[in-house]
Amino acid sequence: MGKKVTVNQPFLSRVEGHGGITVDFKNGEVSEAHVKIFEGSRYFEKIATGRYVEQVPELVCRICSICSASHKIVSIQALEDALGIEVSKDTRDLRKLLHFGGLLESHALHLFLLALPDYEGVPSALHLLPRMEREYHMGMELKHLGNRIQEIVGGHTIHMPEPVLGGFGSGPTAGAITEILRGIDAGLEAANRAIDLFGGDQPEIPLDEIVSFVSASDDEEYAYMGRKLVLVREGKREEIPLGNYLHRLHEKVVPWSRAKQCTVDRRSFMVGALARVTVNGRQLSRDALGSLQSVRPMIEKRNALSNNLAQAVETVDLLNRVRELCLTLLGRFPLNLKPQTRVREYGEGFGLVEAPRGTLIHHYRVENGKVVWANILTPTALHLASMEERVFYTARSLAGKDPDEIRPLLEIIPRAYDPCISCSVH
Amino acid sequence: MKRPKLLIIGLTGCWGDQLSILNFERELHLLGELFEIVSWPMAVTGDAGGSVDVALVEGSVCTEENLRTLRKVRERAAKVIAIGNCATWGGVQYLGARENDLESLMREVYGKPADYFDNLVPAPLKKHVKVDLDILGCPVEPEDVLDKLTALLKGIPPTRRVFPVCVQCKYRENACLLIEGKPCLGPITMGGCNARHPSRGVPCVGCRGPMPDGESRIEAYSNILKEKGLSEDFIRDKLSAFFGVFEGVKEGADNG
């Protein structure tokens with residue numbers, strides 16, 4: 001009534017990285033809501049500066065373990081852009097396959113290990129056993145498939161040796177690619193189960209609609225990589241060429257977060273699966289479109305929990321694309337993966353991929369074969385402001401309730417955004 | 001039989017060593033059966049409290065909060081195992097901020113608001129607390145973690161096998177990249193990763209950290225690379241990535 005109440009979750013669980021939530025209530029109103037990011041800084045842009053270009057991807061992939069492949073790929077692409085390196089079609093397609101593997105592993109990890117417990121009212125995925133033994137093992141097998149793709153294509157599940165600047169090392173064998181194909185059907189079973197689980201009963205928590213989204217976009221296909229961004233805000237679309245990102249995406253420092261917050265025209269926006277489905281949903285593969293149709297009402301609520309469902313839909317899409325890509329690649333063996341040479345030792349380059357959690361940009365300036373300036377925009381940093389707004393809204397709807405009741409509900413929000421906090425600070 | 005109590009936590013890093021454990025997809029549920037997982041924020045909500053038999057800690061100490069957490073874990077745990085390069089050697093971030101760099105670095109990244117953040121010079125766990133065992137890797141091999149964890153709990157001194165990456169590389173019958181003139185750090189790096197990078201035709205980057213006699217090998221190794229025609233500048237750059245701990249390499253590795 002007249003007093004100040006604080007709801008504090010200092011250490012979020014079942015998210016990657018260190019973050020917390022603090023909400024202050026005064027006289028029954030929310031006076032402040034913060035997502036506090038206390039993950040340590042590691043100064044990756046500085047680490048990249050002054051280094052030979054060959055070294056940089058191997059270092060910056062260590063920004064994150066779950067999206068290690070995304071960072072490696074986008075870093076290499078940005079450097080190739082700077083140095084005028086044209087890679088072969090086989091290289092491009094194989095990198096796509098690696099990227100799909102990383103996306104699958106991440107979505108499976110998030111859906112079955114980190115988020116599902118919230119829907120089933122248990123503290124961890126291990127607590128799903130034995131009641132949901134089938135779902136647990138399905139989810140783990142799907143995660144395993146994503147990891148096998150990364151191991152087969154890149155050489156490891158985390159901080160993999162391949163690809164390299166200009167191409168690949170030795171690349172995978174044809175036999176290993178067929179192993180991937182054998183796992184697709186079981187993967188689709190798991191993906192469809194995830195659609196049921198995350199499209200069904202939702203945790204009871206008041207959530208508002210998200211109206212601003214950013215995603216990479218491509219005219220030819222559903223973009224998990226691209227050369228342009230699209231902002232969708234209250235139904236209106238704006239294209240942002242990659243080279244212009246600095247003019248539209250503004251980062252600012254806030255004292256409660258080592259990760260910077262990002263806005264476009266001073267307003268927040270979300271990135272990730274829900275953003276991609278909102279911006280480019282009509283380009284999903286046929287099966288995924290079918291899955292989307294079956295859960296359209298929940299997706300169109302466009303609240304934080306819709307993101308989980310969007311990841312499940314993407315999982316269906318990814319598995320179909322992996323199958324298609326493997327069959328295509330098998331027909332082209334032996335692959336032409338030899339690293340292509342650079343035409344110059346200097347330049348400015350941009351790379352854009354959709355990491356599992358959202359839009360990821362690497363931007364470098366190169367002189368004499370060394371990076372002299374680097375800028376890295378990570379997905380979780382891009383939508384921290386959006387995440388905070390959700391917490392504010394939900395807290396406001398829960399004002400007056402017991403803090404012990406409010407706290408676990410608020411935690412569900414950052415979890416649904418699937419943050420990669422180490423990435424956000426880097 | 002009472003299950004041993006396990007705590008798993010990350011400080012500042014990429015969370016790759018914890019992810020490696022989660023990557024044991026088919027065996028993960030066994031971890032829950034063999035151990036009582038008292039605390040593991042990445043995967044489990046809630047801390048059951050109290051002391052634990054063993055704590056796995058990844059990440060380096062980069063903030064005051066990291067230090068507080070580490071000290072509390074050291075108090076709670078009978079054994080502390082450092083997992084991964086960040087925890088054992090300081091990690092890639094050690095490169096970014098050493099003693100004289102930190103202040104100016106913070107200003108560069110955050111501007112005036114840098115004062116809000118209580119950042120420390122990145123350090124491995126052993127700089128601040130006693131560590132019972134180091135498990136190397138970037139990330140660690142999950143089999144290593146399980147092996148050493150079990151041995152420690154049984155009171156068996158874990159075997160420490162010391163050999164360079166080259167040993168496993170030769171075992172896999174790879175063509176030697178160093179002989180081809182590529183800057184492969186295999187000869188001066190701790191093996192145990194089954195030579196993943198060289199087996200894909202990519203030179204070893206040294207992520208598992210240096211061999212125990214590393215500092216003495218550096219000069220000899222640099223000479224070999226110079227003979228292959230690589231510049232001193234390039235060699236220094238290559239060495240400083242994960243080997244920045246050595247004085248000789250540190251001086252040249254200033255990212256100004």
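Here is the naming used below: chain letters follow the sequence lines, and residue numbers restart at 1 for every chain.
Counting heavy-atom pairs closer than 4.5 Å to chain A, the top-ranked of the candidates B:Leu22, B:Asp237, B:Asn66, B:Val202 is B:Asp237. Of the listed residues (B:His29, B:Glu65, B:Glu33, B:Arg200), the greatest number of heavy-atom pairs within a distance under 4.5 Å of chain A belongs to B:Arg200. The candidate from A:Leu59, A:Leu12, A:Leu129 with the greatest count of non-hydrogen atom pairs under 4.5 Å with chain B is A:Leu59. Of the residues considered (A:His426, A:Lys370, A:Glu411), A:Lys370 shows the highest number of contacts with chain B, using heavy-atom pairs under 4.5 Å. Heavy-atom pairs under 4.5 Å with chain B peak, among A:Pro123, A:Gly169, A:Ser124, at A:Pro123.
No side-chain heavy atom of A:Arg62 sits under 4.5 Å from any side-chain heavy atom of B:Gln93. Looking at heavy atoms from C-beta onward, B:Asn119 lies in side-chain contact with A:Tyr43 at the 4.5 angstrom threshold. Looking at A:His18 and B:Trp15, their side chains come closer than 4.5 Å, going by heavy atoms from C-beta outward.
Across A:Leu126 and B:Leu28, no two heavy atoms sit closer than the pair CD2-O, 4.1 Å. B:Pro139 and A:His156 get closest at one heavy-atom pair: CD-NE2, 4.1 Å. For the pair B:Gly16 and A:Ser65, the tightest heavy-atom approach, listed with the atom from each and the gap, is CA-CB, 3.1 Å. Between B:Ser199 and A:Ser170, the shortest heavy-atom contact is O-OG, 4.1 Å.
Taking CD of B:Glu25 as the reference point, atom CG of A:Leu109 lies at 9.0 Å (rounded to 0.5 Å). With rounding to the nearest 0.5 angstrom, the CZ atom of A:Arg42 is 6.5 Å from the SG atom of B:Cys14. We find the CD-CZ distance between B:Glu64 and A:Phe38 to be 14.0 Å, quoted to the nearest 0.5 Å. Between the CG atom of B:Asn23 and the NE2 atom of A:His144 there is a distance of 10.0 Å, given to the nearest 0.5 Å. With rounding to the nearest 0.5 angstrom, the OH atom of B:Tyr94 is 12.5 Å from the CD1 atom of A:Ile47.
At a 4.5 Å heavy-atom cutoff, the contact between B:Ser20 and chain A is made by backbone and side-chain atoms alike. For B:Asp17, no part lies near chain A; criterion is any non-hydrogen pair under 4.5 Å. Only the side chain of A:Arg415 comes within contact range of chain B, with heavy atoms under 4.5 Å apart. No part of A:Ile421 comes within reach of chain B, as not one of its non-hydrogen atoms sits under 4.5 angstrom from that chain. Of the atoms belonging to A:Glu151, it is backbone heavy atoms, and not side-chain ones, that fall under 4.5 Å from chain B. If you measure heavy-atom distances from A:Val164 to chain B, the contacts under 4.5 Å come from the side chain alone. Only the backbone of A:Ile63 comes within contact range of chain B, judged by heavy atoms closer than 4.5 Å. For a residue to count as touching a neighbouring chain, one of its non-hydrogen atoms must lie under 4.5 Å from one of that chain's; by this rule A:Glu45 does not touch chain B. For B:Asp233, the parts sitting under 4.5 Å from any heavy atom of chain A are the backbone and the side chain alike. Residue contact with chain B, scored on non-hydrogen atoms closer than 4.5 Å, involves the backbone and the side chain of A:Tyr52 alike. For A:Phe44, the part sitting under 4.5 Å from any heavy atom of chain B is the side chain, from C-beta outward, and nothing else. Interface residue B:Cys138: backbone and side-chain heavy atoms are both found under 4.5 Å from chain A. Residue B:Leu177 does not touch chain A at all, counting heavy-atom pairs closer than 4.5 Å. Looking at A:His137, the atoms closer than 4.5 Å to chain B (heavy atoms on both sides) all sit in the side chain, from C-beta outward.
Using a distance-only test at 3.5 Å, with no hydrogens or angles considered, no donor-acceptor pair links the side chain of B:Thr63 to the main chain of A:Gly40.
Summarising the local packing, CD of A:Glu367 is surrounded by 12 or fewer heavy atoms from other residues, nucleotides or ligands at distances under 6.0 Å. At most 12 heavy atoms of other shown residues, nucleotides or ligands fall within 6.0 angstrom of atom NZ in A:Lys338. The 12-atom threshold is not exceeded at CG of A:Asn368, counting heavy atoms of other residues, nucleotides or ligands nearer than 6.0 Å.
Residues from residues 250-258 of chain A that place a non-hydrogen atom less than 4.5 Å from a non-hydrogen atom of chain B comprise A:Val253, A:Val254, A:Pro255, A:Ser257, A:Arg258, given in numerical order. Residues from residues 36-46 of chain B that place a non-hydrogen atom less than 4.5 Å from a non-hydrogen atom of chain A comprise B:Ile37, B:Pro41, B:Met42, B:Ala43, B:Val44, B:Thr45, given in numerical order.
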For a side chain to side chain contact (heavy atoms under 4.5 Å, CB included) check, start with the C-alpha distance between A:Met160 and B:Arg196, then their side-chain angles and the critical distance, and finish with the verdict. CA-CA 8 Å; A:Met160 58 281 304; B:Arg196 267 192 199 91; over 6 Å; no

Between B:Ser240 and A:Arg51, does the side chain to side chain donor-acceptor pair (under 3.5 Å) criterion hold? Intermediate values first, please. CA-CA 10 Å; B:Ser240 64; A:Arg51 309 205 78 95; 2.6 Å; yes

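A side-chain donor-acceptor contact under 3.5 Å links B:His197 and A:Glu58.
Ionic pairing of A:Glu54 and B:Lys238 is not present here: no N-O contact between side-chain nitrogen and carboxylate oxygen is shorter than 4.0 angstrom.
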